[in-house]
Amino acid sequence: MSALLESYAAGRWFRASDDGEPLLDAATGEEVARISSRGLDVAAMVRHARDTGGPALRALTFHERAALLKALAKHLLEGKDALYALSTRTGATARDTMVDVDGGIGTLFSYASKGVRELPNDTVFLDGGLERLGKGGTFAGQHLYTSRPGVAVQINAFNFPVWGMLEKLAPAFLAGLPSIVKPAAQTAYLTELAVRQIIESGILPEGTLQLLAGSPAGLLDELTVQDSVAFTGSAHTAGILRRHPNVLDGGVVLGVEADSLNCSILGPDVRPDDPEFDLFVKGVVTEMTVKAGQKCTAIRRVLVPADLADQVTEALAARLSSITVGDPRNPGVRMGPLASLGQREEVRKAVEALRAGAEVVHGDPRGASLLEGDPERGAYMTPLLLRARPGAAEPHDVEPFGPVATVLAYDGVEEAVTLAARGKGSLVASVATHDPQVARSVVLGLAPWHGRVLVLDRDDAKESTGHGSPLPVLVHGGPGRAGGGEELGGVRGVLHHMQRTAVQGSPDQLTAITGRWTTGSARADSGVHPFRKSLAELRVGDTIASAPRTVSLADIEHFAEFTGDTFYAHTDPEAAARNPLFGGIVAHGYLVVSLAAGLFVDPAPGPVLANFGVDGLRFLTPVKAGDAIAVALTVKQITPRSGADYGEVRWDATVTNQDGVPVATYDVLTLVAKTWPEG
Ligand code: NDP
């Protein structure tokens, strides 16, 4: 008997009290492992996540969490060979495994990078700018995101045992939520191995990742408001979860990624000798055969202009004929078996249902000619292409979760979009076209029904990541039948797990709460120029208020001549007088900003290392010759960079004229040494 998989629960590895159910090799039918969760205390897992994992994670800043994700990604890269070897037993070819294992590790790297670049080195994320709520400037509002003191339960499908876990774990971890991962039984041995590697590395704080191998019975009963469930799998199971009382009435947030009848459209502009024709055919065949079509993003419906339907069908059939099927251990095999004999039976049933509205034009639903492998014990199937009869409903309703696609003919862009929408909401659609007008009409028609749309043409084909690849930086999820969930999408996927709150108060209170200086709150002048202070010495609110400087006509003329910016408003008094906004010569906005820098800068070498940008520059009031401008520069936000001996300082710059009226506002971005003098 093979080994019983263990769960990682409440800080230890747990072995069930029975022998469990066998999990079979997809290609050979041999037993790989057994699975059971009998005797597992799921309530203790939830408590452990809440009491141990959550607090440990929320004590870390976004940057610290990101650094752990990066370390984890590097660690998993080192253990990749073992994951690759075991992955073969799920039926995956080397190409399939790359999508799962490397794709999962890549997602960790991507989130690690986003976490540092786009989130603050803090535990709070500020959403948008300050909203002034009172005329006197003493009352304002600021939206912010905080971590929920809950648990993220992640229920995954069998098709991506590594990527499926990591793509849900990474954004939840960054958001400060501990995860309980429940892999699909069929391929749980691969997830278990990855979790073992993670736990043994000791990189993640205890309690932030737990594994539930086996039935999750009773798990949802333990969840409450602040907890969430992210589910990928069948619409049937999604329905069961949606009806759980804790989801219906208990405030548990449920995200669903379920069935999806994704389509790919050949644009009406494309002729058989255009590059887009071949790209389209290649794309469809790739999506049908990678992971033996067991991908939530695979192309199920192939929409083609009616006059090209025969030609496209022939081209697809010809290309599919070259796909070798068999045991994934044989390097000559392009497509492995389905995950289990049970899954093959499900796909065969789906094909039978499809045949009510379509006929098989390539492949045999019952037979498979194999390069290598046992057709009885391995869940093999040849790729199947169907051709829909006009008006058929089945291709829009039945999801064959295997190497199966149906060709449907359309007449005009409008009908193509209407047919696509009959899928009732999908994860992804693609359109092959080189005509920008077609691209716009099709994409805008498809967008409300899809989470992602790919436009494929000769210009992007070489670099295109393809129809079926969810990317960590782009939204993954779709409306309607696809479940209505939204995962990934860079920082969007992180904020999705957090609570947004509008906080109202005085500027001083908002500064204290957010850690970011708020317009209207106190400025501190310590008598030391802030450019002489290291990052460790600087405080939010530290200010340099400059003396005034009068802007002369000679300054404006000099700047115009020196830079070559001789725009009439700065050089031609008569024309400038006719300008309805200025009514005469005005100083260049960039002159004002440059003079302001001259007013606030402290020139001697010091802790300020560089100015790396300006954000939100607005010129509010024209500056005319004779006006006297002054600038107040205030430390707005201090962000130490992990692993560097400097950090970022964001300064609020407000330039005013002699009447105290703001003429320009902006943020100055600098890099400041953590200590000064160095060392
Ligand atoms: P399921 O919905 O049966 O299983 C998905 C996950 O849910 C598994 O981890 C499963 O665990 C778990 N699960 C099952 N029942 C419950 C329950 N009552 N409470 C909590 N969790 C539960 O889908 P499969 O993975 O078996 O795939 C079946 C079909 O789903 C496919 O043929 C395909 O049509 C569709 N599918 C769609 C995907 C998509 O993203 N669009 C992805 C994968 C599948 P266990 O394995 O232990 O039963």
Side-chain angles (χ1 to χ4, degrees), residues 1-24 31-54 56-57 72 75-76 79 82-83 86-87 89-90 104 150-158 160-169 172-173 177-223 227-233 237 241 244 339:
M1 201 165 61
S2 60
L4 187 63
L5 298 183
E6 293 182 328
S7 294
Y8 186 70
R12 66 187 184 91
W13 287 98
F14 166 87
R15 182 182 290 265
S17 52
D18 62 353
D19 290 341
E21 295 296 318
L23 303 175
L24 307 184
E31 197 173 294
V32 182
R34 301 182 78 87
I35 189 164
S36 169
S37 61
R38 183 176 295 176
L40 180 62
D41 185 351
V42 289
M45 292 179 81
V46 172
R47 278 198 307 275
H48 188 63
R50 274 199 199 117
D51 300 343
T52 304
L57 198 46
L72 190 61
H75 177 76
L76 288 174
L83 296 173
L86 194 58
S87 173
R89 310 211 71 179
T90 68
V151 184
V153 169
Q154 293 149 7
I155 303 177
N156 293 322
F158 64 82
F160 289 108
V162 178
W163 177 83
M165 167 178 63
L166 297 179
E167 66 98 15
K168 285 190 172 74
L169 174 70
F173 187 87
L177 269 181
S179 296
I180 296 178
V181 174
K182 162 25 206 148
Q186 179 57 42
T187 54
Y189 47 86
L190 186 52
T191 312
E192 196 228 35
L193 177 61
V195 172
R196 255 180 213 286
Q197 292 184 350
I198 295 171
I199 298 298
E200 279 165 14
S201 76
I203 291 170
L204 300 191
E206 175 48 45
T208 55
L209 169 62
Q210 296 181 81
L211 173 73
L212 195 168
S215 161
L219 182 59
L220 262 73
D221 302 340
E222 299 301 324
L223 303 185
D227 299 329
S228 57
V229 178
F231 168 80
T232 301
T237 310
L241 299 178
H244 192 284

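Heavy-atom basis, side chains included; hydrogens, waters and symmetry copies ignored.
Of all the heavy atoms in Leu177 and Ser228, the pair that sits closest is CD1-OG, 4.1 Å. Scanning both residues, Thr191 and Pro183, for their nearest heavy atoms gives OG1-CB, 3.5 Å. Annotation for Gly20 and Ser36: closest pair CA-CB, 3.5 Å, computed over non-hydrogen atoms. Nearest heavy-atom pair, Ala33 versus Leu5, reported as atom, atom and distance to 0.1 Å: CB-CD2, 3.8 Å. Closest heavy-atom contact between Gln186 and Ala339: NE2-O, 3.0 Å. Taking every heavy atom of both residues into account, Pro178 and Gly207 meet most closely at CB-O, 3.4 Å.
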Requested in this report: Mind running side-chain contact (heavy atoms from CB on, under 4.5 Å) on Leu40 and Leu212 for me, showing each step along the way?
Outcome: CA-CA 9 Å; Leu40 180 62; Leu212 195 168; 3.7 Å; yes
Requested in this report: List the steps, then state whether side-chain contact (heavy atoms from CB on, under 4.5 Å) holds for Leu219 with Met45.
Outcome: CA-CA 9 Å; Leu219 182 59; Met45 292 179 81; 5.6 Å; no
Requested in this report: Just do the side-chain contact (heavy atoms from CB on, under 4.5 Å) check on Leu209 and Gln154 with the steps written out, would you?
Outcome: CA-CA 11 Å; Leu209 169 62; Gln154 293 149 7; 5.9 Å; no
Requested in this report: Please step through side-chain contact (heavy atoms from CB on, under 4.5 Å) for the pair Lys168 and Val181, ending with a clear verdict.
Outcome: CA-CA 9 Å; Lys168 285 190 172 74; Val181 174; over 6 Å; no
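Judged as a side-chain hydrogen bond (donor to acceptor under 3.5 Å, both in side chains), the pairs with a partner in residues 203-220 (not counting sequence neighbours) are, in order, Tyr8-Glu206, His48-Glu206. Within the structure, every pair that satisfies the salt bridge (charged side-chain N to carboxylate O under 4.0 Å, His left out) test and touches residues 4-19, not counting sequence neighbours, is listed here: Glu6-Arg15, Glu6-Arg196, Asp18-Arg38.
Thr232 places no side-chain N or O within donor-acceptor distance of the main-chain N or O of Ala157, the cut-off being under 3.5 Å. Between the side chain of Glu222 and the backbone N or O of Val42 there is no donor-acceptor pair closer than 3.5 Å. Distance alone, capped at 3.5 Å, places no donor-acceptor pair between the Gln197 side chain and the Leu76 backbone. Judged purely by atom type and a 3.5 angstrom limit, Ser201 uses its side chain to pair as donor or acceptor with the backbone of Ile203. Within the 3.5 Å criterion, the main-chain N or O of Arg89 finds a donor-acceptor partner in the side chain of Tyr189.
Sparse packing is recorded around CD of Glu21, with 12 or fewer heavy atoms of other residues, nucleotides or ligands lying under 6.0 Å away.
Looking at Asp221 and His244, their side chains come closer than 4.5 Å, going by heavy atoms from C-beta outward. Contact annotation: the side chain of Asp227 never approaches that of Val153 to less than 4.5 Å [non-hydrogen atoms, C-beta and beyond].
One finds the CG atom of Leu23 at 8.0 Å from the CD atom of Glu31 (value rounded to the nearest 0.5 Å). Rounding to the nearest 0.5 Å gives a distance of 5.0 Å between CG of Leu72 and CD1 of Ile198.
Annotation: side-chain hydrogen bond (donor to acceptor under 3.5 Å, both in side chains) contacts of Asp51 (sequence neighbours excluded): none. Remark: Phe158 engages Phe401 in a ring pair (Phe, Tyr, Trp, His ring centres under 6.0 Å) (not counting sequence neighbours). Partners of Ala3 by side chain to side chain contact (heavy atoms under 4.5 Å, CB included), not counting sequence neighbours: none found. Residues meeting the ring pair (Phe, Tyr, Trp, His ring centres under 6.0 Å) test with Phe173, sequence neighbours left out: none.
Results of the side-chain contact (heavy atoms from CB on, under 4.5 Å) test with Glu192 over Leu86, Leu211, Ile35 single out Leu211 as the only residue that passes.
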